Every structure is written in C-alpha cells, then in structure tokens.
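Report on the following structure.
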Amino acid sequence: MSNAPRVDPKLLSDSMSMGSVTAQICQGLDRPSSALWWGAFLAAATALGIGVAAVAYQLRVGIGTWGLNNTVGWAFDITNFVFWIGIGHAGTFISAILFLFRQRWRTSVGRSAEAVTIFAVICAALFPIIHLGRPWLTFWMFPYPNFRGPLWINFRSPLVWDVFAIATYFTISVLFWYLGLLPDFASIRERTRSRLRRKIYGLLSLGWTGSQQTWMRYETVYLLIAGLATALVISVHSIVSWDFAASIIPGWHSTVFPPYFVIGAIFSGMAMVLALTALARRMMHLEAFITVRHFDLMSKVLLFGSLVIGLTYVSEIFFALYSGDEFELFVYANRISGTTWGLYHAMIILNVGLPQLIWFRRIRASIPALFFIAVGISVGMWIERFVIVMGSLHRDYLPANWADYTPTWIELATLLGSFGLFFVLYLLFCRFLPVISISEVKQLVADIARREET
Amino acid sequence: MVRIEMKKDEGRRKSGLGSASLDEERLDRRDFLIRAGFTLGSSTVAACGFAPVEKAIPYLIEPEEVTPGEPLFFASSCSACPAGCGLLVKTIDGRPIKLEGNPEHPISGGALCSVGQASILHLYDSQRLRHPLRAGQPSSWTEIDREISDQLEALRGEKRRVCFLTGTVHSPTQRELINRFLSTFESSHWASYDTPSCSAIVEAYEQTHGIRLLPQYQFDKAEVIVGLNADFLGTWISPVEFARGYRTGRALEGSRLRFSYHAQYESRLTLTGAKADDRFCVTPDQFLPILTGLAARIVERSEKEISLPAPEASFDQLLDPVVEKLWGSRGRSLLVCGVQDVRCQVLANLINELLGAYRRSIDLRYPSFQRTGDEAGVAELTSLLHEQEVGALFLLGVNPAYDFPREAQLLDGLQKVPCLVSFAPYRDETSEFAHFVCPPPHFLESWGDSSPTARVLNLVQPTVQKLGETRTIIESLSRWLGETASDRELVEKHWREHIFSRQVGFRAFEDFWTKTLHDGLAPIRPERLQVRPFQFESIEFAAITPSQTSDTVSLELYPPTPATDASPSSNPWLLELPDPLTQTVWTNVLIIGIAHARSLGLETGDLVEVSPTGTGDSLEVPVLIQPGQHERVVALSYGYGSKNSSRFIGTGPQWLERGESTWKTAIGVNAAKLLKPGEFGLHSVVTPVEIKALGRRTEIPLVQKPESSFPERFRHTPEGRGILREMTLETLLSTRPIIETEHPEDLWPQDHRYPGHHWAMMIDLGACTGCSACVIACQAENNIPVVGPDESQRRRALHWIRIQRYFTDHDEGVDVAFQPMLCQHCDNAPCESVCPVLATVHSEEGLNQQVYNRCVGTRYCANNCPYKVRTFNWFEYSANDQLENLQLNPDVTVRSRGVMEKCSFCTQRIVGARIQAKREGREIEEGELQTACQQTCPSQAIIFGDRNDPESLVSKLRQSPRGYRLLEELNTKPSITYLAAVRNRESEGGEPDE
C-alpha cells in the first residue's frame, strides 16, 4: 500500500466508522429473512424443481428427449455450459485482476462476484455431465487408476482439457473466495451472540486471530492466489474455446477463438454481476456500500467489452472473406441470412448496439437503465454461444446432411432449472454470508479517512 | 464362427501350444505320460461339475454340419417379387439372418435389391398370420380343409365356376397344381394382374410377332439405350438384372473400355432418368408422338416401305440427336418402352426390329415370365362375379381391395362370391372379408420353385423350421384335391415328372435334385420358343393416330422407389428407407414441378386434394416440389396407406414430445385405388386430374432438406463444393487426368503405420444408380434398428450408409446424382482425436473403430465429422421380447442407448475372413472379403479391398483419373475413394448436346 492512498471517496456513500461497517454489512445476517428474500427464494427453488424434474425425465428416458439430431449433436447443452462458464469469469476478473491492478472499487462488488463465479461454475459443470448419452459413466472422463488395461483418457481431446480446466478453476475460485472470507468470518464470530453461530463461524474462520502475522500471511497468500486466478481467467475460457477451435467444423475452427471467448466471458460475466449487484443492493439494503459510482465503473467495463466483441464479430467475417474458403464463407453467409438470421442480428444488437448507450453519462447514472442493458447483454451473449454452437453444426460441409434444430421443452426447463440452481445458491449466500468484504471495506474507510487528513 | 474361433485362437497363443509345434515336436514317453495324465485328470475333474443344460441350440441330435456360431449358406430363390433373383441364405444356429445374392445366378449375379434384402424381416414378423382364419377368426387346418372341401364338392356338379385371381405366378409346380386343381371342375377361370402391369408389351408382341410374350432385355449388349417411361434401373420388371446389364455396358476400368449412350424420355424423375446421359422431360401423352417420330425417322433411314402417320415437327429437338445415335449403332441399340399403351409398344417393336435389336439385345426365344399378368382376364372375372357365376374364388398374391381400382368394380363383385379363399400371409384389406384365409409360410421356410425366365429354373428350399401353422399353397391345393403330399414331395414329384427330362448331364434324378438343391438353380436345357419374324404387313401403322396433346394436368402413379410392386408397406425397413429421389421416408407425397407449384401457390408440405376429373375418388396428400418433374404432370407413389402399415404409426420411442402422429389411420395414402382400368391392364397415368389446395400443412419426413430452400449460389455443383464430381466421357477420354486434388504435405507420415492390411473402399459414382439396396443390406447385416417416422423426421435415422442426392441445374433441365455416404475411415480421423475416453480408435489395418461399451456419448465425434456419418442412439431402440430379434446378426453387437455408432467396414466379416485364412495357413485373398453393401450392389459400384496389396482392384482404382477423396483438403485422408460420375455427352459443362 502506498503512503498517499489514491482512492475515490465516492465509492462509499457517507463516512462511516469501523464498527458501523461491520454492523451494516452484517445486519442482513442477524435479521429474519425479508418477504422479498423469501419470494425470490421460492421462485428460484420452483425453477430449480422444474429443472430437476426435466433432468430426471431425460435421464430416465434418454437424451433423445432433447431436440438434437445426428447433425446437430450439441445445441442448448453446450450453449448453456459456455454461457455459465462465461458468467463465472467476471468474478475472477473483478477479484483477481482488479485486485492486482489495485482497483479499489472492486471492494464492494468483489465478494458477490466471486460467489457468482462459484455458482456459475457449478451450473456450468452440470451440463457436460447431463448432456452425455450415458451420464452414469462420467467418471470415465477422469484419469483415475483402473483395471481396464491400457484404456485411459484421451489427452488429445479438448473435452479432457475441459475437465482439467474446470476442475482447476473451480478449486482455485473456491479457495480464493474462502480465503477472502476468513477475516469476515472472524468478525461475525466476534459479534454474534448465539453460541452455535459463534461455533460455526469460529470453525469457518480457521481460528483467525487478527494478529499482525496473520494479516501478513493472509495478504501474501491472497496475492499469490490472485496471481494464479488471473492466469486461470485467461486459460479456462481459452480451453473452453478449444472445444470448438480444435475441431474442423467451419465456424468453430478459428484461431481467434481463445481471446474472443475470454473477452466474451468477461463481458457477459460483468453484465451478470452488474445485474445481480443491482438486485442485491436493493434487496440487502447496501446502498451505502454500493454506490452509483460502482455502477458507473462497471458499465465502462461493459462498454469496453462490447467494443472488443464488436471487433471480433467484424474480424470473423473479415477472416472468412479473406480466406476465400467456400465453407467458411458460407457459414457466415448462413449466420447472417440463413434460417437463423434473426438470432445473429439479435446478437449484434444486444451485444454491440445496446451497450453503446453507456457512452451517455445519464445512462451510466441510472441503475435501472444499466440493469436493463446488462440483462440485454446476458441474453445477447447466450444467443452468441447458441449461434456458434448450433449455427455452425446445422449447416456444415455436405448439404445433404443439413438439419434444423428446435429445443424441446425439456431443454428449456433444464435451462430454467440451471437459473433456479444459481439463484437458490446466490440467495442463500446473501442470507448467510457477508455479501461485501468487511475487512476490505474497513481498509477503504481507513484509506478514505487518511486521504481526507492529508 | 467369429467368436468361437477367437477363443480357440487366443487359447492357443496363451498356452504356447501351437498346432504346428505339436507336430514337429518329438514326443518321448515321459512327456506322453505327463500329457495323458493331465488330460485324464482334467477331464475327470471337468466331468464332475454340474454343467448347465444348454438350451441355446435346440437340437436333440446335432446335425453334423452345424457348428454353433458358424454360418451355413443355403441356395434358394427370392420370392419377394416376381423377378426371381438367386439367393444364398445365411443361417447361424439354425435361423436365417441375412440374404445374399447368389453369385452364380444368371439373373442377379450375386446382387440383391433392397426389397429382397428386406424380405427376411417378414419371416420374423410377429404380425404374420400363423394359423388359418375362418371368417376372420383363428381356426385349424382340419376345420378349414373340411369346410372348403365341402364347398368345393358342392360346386363340382354345378355350372358355377371356380376361379383364381393371382399376381404373376411363375412357379412351375404351383402353375401345374392350380391348373390340375381347376381342371377338376366343370368350368373354371384363372385371371391375373400385376401392379404395375406389362400387358401392353405382351399384347404388342401378339400383334407383331404372333405370340404373347415378355421379351428378355439384354442391356449389356446394347451400346445405345433409349428408354421411354421405363424405369428399368429402379422399378421396372427386373431391376437388379437390368442394372447389372446396364453396368456391364458402362465399364470405364479394366481391359476394355465400353460406355453406352442412354437417353430417357419420362415425365417424372426416376432412377433411370437420373442416370441417363440425356433426359427429356415429356408428358405422358407425348410418348405416342415421340415414338411415331422416332419410328418415322428410322423407317426413312431404313428405306422400308412402311407408311406411318406424319410425325409432329415440334419434337425435332428431342428426337434428332437420339435417332442419330440409334441408327448409328444399329444392331447394337435397344429401345425399351414402359408405356402402358399397345400402340406405343407396337411402334417400339417396329423400331427395335428396324434397328436389329432382336438379333442382339432383345431375346424373344427365351422370354421372361416376370410379368405374366393379363388384365383382360380380370375384366372377364369381374363380369362373372357380377353375374354371380363364380362359386369359389381363390386369391393368391393379390390384394384387390387395396391395389385394384374401385372403378373396375372388382371389389363389389368379390363380395358376392359364396366362397372366397385368400392365400394372404397377413390380415390385409381383402382377407378382411374373405371367408377363409390360408396363410402360406415365408419362402424361407417352405419348398417351392420358380422360373422367372425361360432360361432359369430356381429351387426354393426351407432354411428354418416353420414359425407357425402355415401351409404352402401347393400343399393346400393338393389337400383339397384329396392328396396328402407335403410341399417337398409335391415339388420333387413335379421336378421328377416334368423337369428332369430337360436336365443336362445327370443320369439319376437324385443327383440332379441334389445338385439343384446345392446350386439353387437347375442345370437344364432351356426350351426355345419358335417366334415368327416381325410382320410389317400385318399392322396398320398408319392407323395409329396420336391423340391430341392437351394442356391438362396428368397424375402418374408409380411403384415406390425402390421396389417393383405395390407391397412394401408392411416392412419397416423399406418404409424407413429414404426414396433416393425425394428423400422422403415413411410416406408418399404428391410430386410436383417447381413452376407448377409456384403457379398454384404451393410449398413443400402443403396438403392438397388430388382427384381424377369426373370420378368421385380423391386423396389428401402433401406436395413435394421436385426439380426434374414435368410441369403438367404430378406423381404419386402407390404401396402406401395399407392396413398393414397402420401398426407402424406409433413406431419409435414413446416420450412426452412425440405428440400426435401425422398419420391417423395408415402411413401415407393408398394411391393404387386411383389406377385406371383400361383396355390392356391398369393404367398408371390418369388424365386429367384436379389439384385443390386445402390451405393446411403437414410435416413431410424428409431426411434431406428440400433443395429448394437452399440459397441459389450454394447449389452444389461440381465446381462449388467439389462433393459430387461429374465429367463427360469426352473430357475423360481426351484430357486425363482431370480432377485436381491437393495432396497436403504429410507432417507425420509415420503416425499410423499399416504393416499388414490397409482396408480401403472405392465407390463408383458413375455406376451407382441410387437403388439403395446397400442401405438395407447394411441394416440387415449390422443390426440397425428402425427408429420410426417421427424420429426419422427429426433426422435421427440410424442408417450406416445413406444415399445422398444432389441436383445440378443446367439449361435443359436438371441433373441428379447420388452419393453413397458412409464412414470414410479416415487415416487422420477427426473423430478419433476428440473423444475424451478413446471410444473411437484407429486400427492398424486402417479401420476407424467404434468401441460401443467405452462410449459415454459426448457426441463430439459426430459433430467433428465433416461427413456426418456417425449416428447416435438417442433412446434405447432394442427390445428384448420381439420375434423380430431372431433376425439379429450374432456377430454384431446390439447397441444400447446413449452410444455412438457408424459403419465398421463390416469388421465382423474381416475378422471372419482373417480367421478362415489363418486356419488355412494363408493370407486373405483379394475378393474373398466383401462388405454387405458391396455384396448386394447390382451395379458393382462398391469395391472393397486391401490398399497395401498393389495387385488389388482398390489399389489400382485409387490411381484412376476419376478418383477423388471427399473433402480431401481437410487432410482427413479418407479410405474411401469416389470415382467421378461420367455422362456420355459431347459438350463440356454439363449441358446435353444440341
């Protein structure tokens, strides 16, 4: 930390003391659940229930209950997978990369963004499992010692890389998130009156003492894991993109995919975090900690992301034109003017057109407007993945093989269920854990105070 | 054979006791005692165990020749249609599992069509009648025999007739018995009809040559072939035989290059038209003027004094180039006419006579019996029926309530017969009201014979114990004659008395019989027919006046492609086989030309009501827009909408989204009832018809998306994607090689080494007619399940080989070509690298193998396959308790839900051949190994072999100037080489000559 902290005082609404920070952040944990929370939770749980029923039916009857066919082998399943993995990226981006770049505004949104990461990865990881023809054999994708002779996994397969990438990503994300929670667990332990809760939070805080040494080690480890996680932000979605880039299907086979997917992931994830933060701020009464300034800064990331995404859209078409390859050209011609043209244009409007509103200061100052844009981007990015996954498969090399795809309601219910799962987890998180990092806000309070002194 | 042999083989390797080493070793006394002691001890111990009772093989005394798991082949003859191809029936453990063509048979020459391949499924059809029916109720043969005999006895003294209504019957024993049976009555009548009919041809020969016959067409001897509405490669008379002959006349590889010229005049697109070098799209009423024009031009050149009606000048463009070629190679040309009009047929005979075709390519001395229907007799029968003159009527091989037009009033007459006996194997539309149904056994479980042509006499032998209480027709007839002979005795008696006298080279009947039984074919001297030469004088050619061509719309009814008659609708394999031209499955559609549809404002899938003007009949069918269809002709196939097909409506997995099926009562509509009874047989062209749009739509199960929905510039011309390549004969001969193929530098040439064999396949697109026999052969060989109409519509059919169709537009019309698509067994397979669990791997013989029990079903391999030849088991398709399962090939795994599958290059056959070769201490020889698709292909379009053997045919053909690998630029290195299709056209650029 530098002597003269460069910190934006607008990141907190009013001056507050160390004690009031803890009290305000933890107020939600002490009070009984609000009606709003219960309403949201029941809605999410219902969605989850519908999803569970759909998946159970699919597991019993067969993967044929999805709308896939012998030409389009992946559609909703892998779209949802890439979508959820992408959502997760913002959390790591905010908490790790912005931490390394000393962006103090991450303080108030980092915790929930990290939670979003973990829940999104859980949702994402479900899809590669349930989309299998024989999901009960998922364990065959892991390199565990067995008695099947030379049969092991195929290290050349991008799906195996996926398994490693996601497992690593999940592990690091959980570690990073938990590590950040340690001082806060200790704070809650100290202030709670219930013996049981004191015991639970005490256990969770791993015996945090708050000594100078603990803090030193904590910050070292936090920095190290932040460094690791930063690499993962780049690697995970690059590897996910190799699922497509390593194939030979036009529209998939493209060297631009890794950066394209990474930026897309951060873009879609940031949109989701913005939307969720707006919701959490309202629901958990965190207006003091999450200010308009935060939204202003997050929306600027969105604007940047949309420009880069727009660039990749243009460059993809340029590559196709420049290659002069019949098949490559056709894929883009088909995306723009084929049977699914509407999706392509919706994707352009939502991901590139709509975010341009952020240029206006008035839009940036309006949380409802930003919420609307963020939801639009989330939908747009889902469509983008669908256009890539399904749009490349349904019209590939041999026209005689072309086919169309429409999702069945079981797939729609499964998608709904994944949102249900995500929100159930997120709402539980809001209810039982500090949504904002207490220790970091305290640091911020101290820094702002010090800045005012100088 | 395969599995058992593998075990033996492994055992030998493990113990190190190779048979060879045992022979070489000198056995001393100690070793002998050790071994003897071990043998004695182990056998004693083994004998002490409680061995389970083996129920798998129900032989009480095992026949000497039967080894469990080892196939036995029996020669027989296919009775699925009257073409009479020779068969080798593959049986394993006493049950037939696959039909293969008999390579020594003169008609089929080892090939078999899709209908023949699929006919094995009827054997195990649980819906086949297994006992006689009396008034629709199950009964016993004793009761049936008593009642029928009583009724017949009552008729013997009477004036009322005993009649037979049959399809084509060319079984000598059956004919003799029917005649003998009928002769015991005061008066009798035997009428027969075929759908489609050839009686106009027969009638024309009566007029021109004074004898009723159906000639034998020899396409292999023709250098110029002109077809008029005769789909001889698809559905006409004997397609396997004709396709073989046609292929022989078009040999681009080998020592002698031959390539016939073929022009086709037709109104709807057929397989034959698709193959033609020049195809002329005309209306049905133009056939007569065209034939008149052709005849006039040839008469003019031949300088004969025959007066013909003046030809119409408007056809000059259609006729001149063809006449030039016909006359240019007279003596080696052939005109075949399938028009059901005696005037046309007489003119066709005249042309053939003037061209000298009767000396070479048409054989009248040894005629064909493949279509003997004579519809004049049916008209007589109808009037007899209405006059209540018929005391008893026996129906054999026909289902008039389904396939005879209502207009002919035969059906009303049938209701008046006091004793109606049907020999239907199923409950069909007619047997519904028959008094007695006497189901015959399947031809694979009964004795019989057939004589499809004058040269060929087949024997049909049973290959399995009867699966029900069925009785052959000959046995039933003999029972009613008061005899008690079995079918075998009847056939043998007939052969001893009537056929043995014509044998060649046998003294004893037993030797002759054994030899015939072994070969499936009798070594006989054919009876030569004395035919008087063509008499020009006897015919008033000038009296042939072409009817006025009009602007009305005609409806052409055609047999479902590929099939030769109207009865595939009870076979799920055939129902799920895509029509190669329309790519529809499970239903029939009204085919309509592009401009015609546009003028009526119709889209593919719109429902219309089609009704012949002036009749009350109408059908509600969806339309399919098809290039190559004449704009004033719509076409509809019969063979659908039967009572027997209704049971397939619910075929397919039952699940929530299945929804209501498009079909309520039957699959497709029965178009046969619109056939028009005419002077000589049933006419398949109905003019005029009215087409009324109903303003509703339906989903047509199409396995290939309609081409009309493609953006114009992605029409897949040879120049476009390079998928299906074509060239003219001229180009091939003048500037070879033509096809430029990139051969990317191989960075890892040692990645896969193929020390032993390296299997490869060659598919000659020039030879492929699109007949789809390979699809069904593969389905039978590889246990491929049927997924049902709804799943087919979702593009989830499981065929390992598909016939893909592409159109190419050119000025004069449209070219159609077919491409068999199956796993390319790439040496750089994109599917192999992406499978996370190594469920698809490369063998050291170049096979791309799919390991079903390792597959977890990510479907990544299918996505990454540029040829999209992998199919997925979306549901559990196999069922445990089906009679149909008896057909399953025990050498091939039945796949379960959630695994990927694809063509294996018939790996079970490769293993079988390897074991056989190893046992005989040699290498696998060229030609000893055939894949199922190759084996059945009538035009030898598929060749399989070892690429490592420089002398093999595949090695040689891989260097062919026509050869190309599909999507080779992706560097997948496919093992399949396609040979570009060739058309005998002069000009370049896919345009027919002017």
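None of the values given here were measured: they were computed from a predicted structure. Only heavy atoms go into these numbers, but all of them, side chains included; no hydrogens, no water, no symmetry mates.
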Between A:F261 and A:H237, is the gap from one ring center to the other below 6.0 Å? yes
For B:S833, side-chain hydrogen bond (donor to acceptor under 3.5 Å, both in side chains) partners two or more places apart: none
Determine whether a donor-acceptor pair (N or O, by modelled atom type, separation under 3.5 Å) exists between the side chain of B:R859 and the backbone of A:L68. no
When you look at CD of B:E876, are more than 12 heavy atoms from neighbouring residues, nucleotides or ligands closer to it than 6.0 Å? yes
Heaviest contributor of heavy-atom pairs below 4.5 Å to chain B, chosen from A:N401, A:V160, A:L159, is A:N401
Counting heavy-atom pairs under 4.5 Å with chain B, which one of A:D404, A:D162, A:I63, A:I153 comes out on top? A:I63
So which residue, B:Y867, B:Y860, B:F875, ends up with the most heavy-atom pairs under 4.5 Å with chain A? B:Y860
Keeping the roles fixed (side chain from B:W586, backbone from B:P578), state whether a donor-acceptor pair exists under 3.5 Å. no
Could you give the side-chain donor-acceptor pairs of residues 132-141 of chain A under 3.5 Å, partners two or more places apart or in another chain?
{"residue": "A:R134", "atom": "NE", "partner": "B:C855", "partner atom": "O", "Å": "2.9"}
{"residue": "A:R134", "atom": "NH2", "partner": "B:Y852", "partner atom": "O", "Å": "3.3"}
{"residue": "A:R134", "atom": "NH2", "partner": "B:N853", "partner atom": "O", "Å": "3.2"}
{"residue": "A:R134", "atom": "NH2", "partner": "B:C855", "partner atom": "O", "Å": "2.7"}
{"residue": "A:T138", "atom": "OG1", "partner": "A:P135", "partner atom": "O", "Å": "2.4"}

Is it the backbone or the side chain of B:L702 that comes under 4.5 Å from a heavy atom of chain A, or both, or neither? neither
Need one label for B:R854: side chain, backbone, both or neither, based on atoms under 4.5 Å from any heavy atom in chain A. both
Does A:Y322 have more than 12 heavy atoms from other residues, nucleotides or ligands lying within 6.0 Å of its OH? no
Do other residues, nucleotides or ligands put more than 12 heavy atoms under 6.0 Å from the NE2 atom of A:H253? no
Between B:K902 and B:N848, is there a side-chain heavy-atom distance shorter than 4.5 Å? yes
Indicate yes or no for a side-chain donor-acceptor contact from A:Y405 to the backbone of A:G391 under 3.5 Å, with no hydrogens or angles considered. no
Pick from A:S392, A:A403, A:S337, A:P128 with the largest number of heavy-atom pairs that fall under 4.5 Å of chain B: A:A403
Positions in residues 72-82 of chain A that reach chain B, provided some heavy atom is under 4.5 Å away: A:V72, A:G73, A:W74, A:D77
Given B:Q704 and B:R802, is the side-chain hydrogen bond (donor to acceptor under 3.5 Å, both in side chains) satisfied, shown in steps? CA-CA 10 Å; B:Q704 212 172 309; B:R802 304 189 292 262; over 6 Å; no
Highest number of heavy-atom pairs under 4.5 Å with chain B among A:T406, A:V163, A:D243 belongs to A:D243
Tell me if a side-chain donor or acceptor on A:H394 pairs with a main-chain N or O of A:T71 at a distance below 3.5 Å. no
Establish, yes or no, whether a centroid distance under 6.0 Å links the rings of B:F872 and A:W66. no
Interface moiety of B:V869 toward chain A, non-hydrogen atoms closer than 4.5 Å: neither
Using heavy-atom distances under 4.5 Å, tell me whether B:A797 contacts chain A through its side chain, its backbone, both, or neither. backbone
Side chains of B:W874 and A:N70, donor plus acceptor under 3.5 Å: yes
Looking at B:T858, B:V899, B:V703, B:N873, which has the largest count of heavy-atom pairs under 4.5 Å with chain A? B:T858
Spell out the residues in residues 818-830 of chain B that have some non-hydrogen atom less than 4.5 Å away from a non-hydrogen atom of chain A, in order of number; otherwise answer 'none'. B:M821, B:P830
